[in-house]
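All values below come from the heavy atoms of this structure, side chains included, with hydrogens, waters and symmetry mates left out.
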Amino acid sequence: MQSDKLISVHNLSVAYERKTALWSVDFDIPQGVICGVIGPNGSGKSTLLKTIMGLVPPVGGNVKIFDSNLKHVRSRISYVPQRESVDWEFPSSVLDVVLMGRYNPKNLFKRTTKLDKEIALNSLEKVGMLSYKDRQIGQLSGGQQQRVFLARALAQQADLYILDEPFVGIDASTEEAILAVLTELKEQGKSVIIVHHDIHTCSRYFDYIVLLNTRLVAHGWKDEVLTPENLKEAYGSQLTILSEVANELSKSASPIREKSYDDK
């Protein structure tokens, strides 16, 4: 019988140079949702994604994806790292970058086919970047680069998309375009996990929430997690600006966003 669990994280602990980044974190995420991973700066959000992707080793606990180990399901996952972690000076065109999503790790020397190119071009069209296909990637703005990385993820045609802070440093129109693509993926039965800082966007677009502050504060459907009590426990003194979050969530207020940085 196939499990309906997308990811199961059990008793997960991670440390960098003896500094705890995650401590005894335990939760499940169901399939077919857009799941937001939120929490204050330094709470372990990016660390969680990197550990799920096998980029950071845990000191304890384990992660199951599609009820299996990562090595057995890696081809079903597309990971979009933080934009700041990418070398944008690498001399590749936009189309070349998106075609990377078509490479098979088991056959890196396989030449791309006509179908691969069609899928790549279609992915660029979905994110509004088709007219930039011959542009060098480093010549694009931050928002354009983020769209291209999303197109590369789409070209992979994965079942699970993991995005680490894709909205940092981009304009509102790019954010709306990316959210529209992510919503379409969910409607196709795909799953999305995304680190984000905007509580208002989480309440509007996401289904499921994992709220962290080194430890797990809460996880579940957004209405169960985005409560004043949980947010106060997670953000503590940082909640001075967010103290009206409960009211803002019920209004069409402008996004409440904290300053972001890599949260190792």
**Report entry** Residue pair S8 / D28, side-chain donor-acceptor N/O under 3.5 Å
**Finding:** yes
Report task. Would you indicate whether the side-chain heavy atoms of S92 and M100 approach each other to under 4.5 Å? Result -> yes
Query raised in the report: Do L226 and I38 have side chains that get closer than 4.5 Å, going by heavy atoms?
Result: yes
Report task. Indicate the atoms forming the closest heavy-atom contact of N11 with D26, along with that distance. Result -> N-OD2, 3.0 Å
Report task. Answer yes if I34 and L179 sit in the same cluster of Ile, Leu, Val, Met, Phe, Trp and Tyr residues linked by side chain heavy atoms under 4.5 Å apart, and no otherwise. Result -> yes
Report summary line: In this structure, CG of N41 is separated from OH of Y235 (nearest 0.5 Å) by 9.0 Å
Query raised in the report: Quick one: do Y132 and L130 end up in the same hydrophobic cluster if we chain Ile, Leu, Val, Met, Phe, Trp and Tyr together by side-chain heavy atoms under 4.5 Å apart?
Result: yes
Report task. Could you walk me through whether R74 and Y79 pass the side chain to side chain contact (heavy atoms under 4.5 Å, CB included) test, one step at a time? Result -> CA-CA 10 Å; R74 190 182 293 273; Y79 173 60; over 6 Å; no
Query raised in the report: Within the distance-only criterion (no hydrogens, no angle test), does the side chain of N69 pair as donor or acceptor with the backbone N or O of H72 below 3.5 angstrom?
Result: no
Report task. List the steps, then state whether side chain to side chain contact (heavy atoms under 4.5 Å, CB included) holds for V148 with V127. Result -> CA-CA 8 Å; V148 171; V127 300; over 6 Å; no
Report task. Would you please test K50 and V14 for side chain to side chain contact (heavy atoms under 4.5 Å, CB included) and show each step? Result -> CA-CA 10 Å; K50 290 173 184 175; V14 181; over 6 Å; no
**Report entry** Main-chain N/O of G138 paired to Q136 side chain as donor or acceptor, under 3.5 Å
**Finding:** yes
Query raised in the report: Shortest non-hydrogen contact from T214 to G42?
Result: OG1-O, 4.2 Å
Query raised in the report: Do you know the tightest heavy-atom contact between P166 and V195?
Result: CD-O, 3.7 Å
Query raised in the report: Is L115 reachable from L154 through a run of I, L, V, M, F, W or Y residues, each pair having side-chain heavy atoms under 4.5 Å apart?
Result: no
**Report entry** Minimum-distance pair of heavy atoms, taken over all atoms of L70 and G54
**Finding:** CD2-N, 3.7 Å
Requested in this report: Establish whether I52 and V37 are linked, either directly or via other cluster members, by ILVMFWY side-chain heavy-atom contacts under 4.5 Å.
Outcome: yes
Query raised in the report: Do I193 and L160 come within less than 4.5 Å of each other through their side chains, counting heavy atoms only?
Result: yes
Query raised in the report: For the side chain of R102 and the backbone of A155, is there at least one donor-acceptor N/O pair under 3.5 Å apart?
Result: yes
Query raised in the report: Looking only at atom types and distance, does a side-chain atom of S123 sit under 3.5 Å from a main-chain N or O of R152, one as donor and one as acceptor?
Result: no
Requested in this report: Mind telling me whether Y208 and H219 have parallel, tilted or perpendicular rings, with 30° and 60° as the class edges?
Outcome: tilted
Query raised in the report: Is K222 close to C202 at the side-chain level, that is, under 4.5 Å between some pair of heavy atoms?
Result: no
Query raised in the report: Quick one: does L48's side chain get under 4.5 Å of F27's, heavy atoms only?
Result: yes
Query - Point-to-point distance, once rounded to the nearest 0.5 Å, from CD of Q82 to CZ of F149 - result: 12.0 Å
Query - Identified side-chain contact (heavy atoms from CB on, under 4.5 Å) counterpart of V80 within the set L163, D164, I194 - result: L163
**Report entry** Q145 side chain to I137 backbone, donor-acceptor under 3.5 Å
**Finding:** yes
Requested in this report: Look at the side chain of K190 and the backbone N and O of A158, then say whether any donor-acceptor pair between them is shorter than 3.5 Å.
Outcome: yes
Query raised in the report: Is it true that the side chains of Y205 and E176 contain a donor and an acceptor less than 3.5 Å apart?
Result: yes
Requested in this report: Please examine the side chains of N122 and K126, heavy atoms only from C-beta on, and report whether any two atoms are closer than 4.5 Å.
Outcome: yes
Query raised in the report: What pair of heavy atoms forms the shortest contact from L6 to P30, and how long is it?
Result: CB-O, 3.5 Å
Query raised in the report: What distance separates L49 CG from E165 CD, expressed to the nearest 0.5 Å?
Result: 9.0 Å
Query raised in the report: Does G39 offer a backbone N or O that forms a donor-acceptor pair with the side chain of K45 under 3.5 Å?
Result: yes
Requested in this report: Taking the side chain as every heavy atom from C-beta outward, state whether V33 and W221 have any atom pair closer than 4.5 Å.
Outcome: yes
Report task. First locate atom CD1 of I7, then atom CG of D67, and finally report the distance between them rounded to the nearest 0.5 Å. Result -> 12.0 Å
Report task. Check the pair R147, L140 against side chain to side chain contact (heavy atoms under 4.5 Å, CB included), reporting the backbone distance first and the verdict last. Result -> CA-CA 10 Å; R147 289 187 191 222; L140 303 180; over 6 Å; no
**Report entry** Nearest-0.5 Å distance that lies between atom CD in Q146 and atom CZ in F167
**Finding:** 8.5 Å
Query raised in the report: Can you tell me how far OG of S191 sits from CZ of R76, rounded to the nearest 0.5 angstrom?
Result: 9.0 Å
Requested in this report: Check whether any side-chain heavy atom of V98 lies under 4.5 Å from a side-chain heavy atom of M129, and answer yes or no.
Outcome: no
Query raised in the report: Just wondering, more than 12 heavy atoms not from H10 lying within 6.0 Å of its NE2?
Result: no
Query raised in the report: When hydrophobic residues are tied together by side-chain contacts of less than 4.5 Å, even through go-betweens, does V63 share a cluster with W23?
Result: no
Query raised in the report: Which heavy atom in I170 sits nearest to a heavy atom in G143, and how many Å separate them?
Result: CG2-CA, 3.5 Å
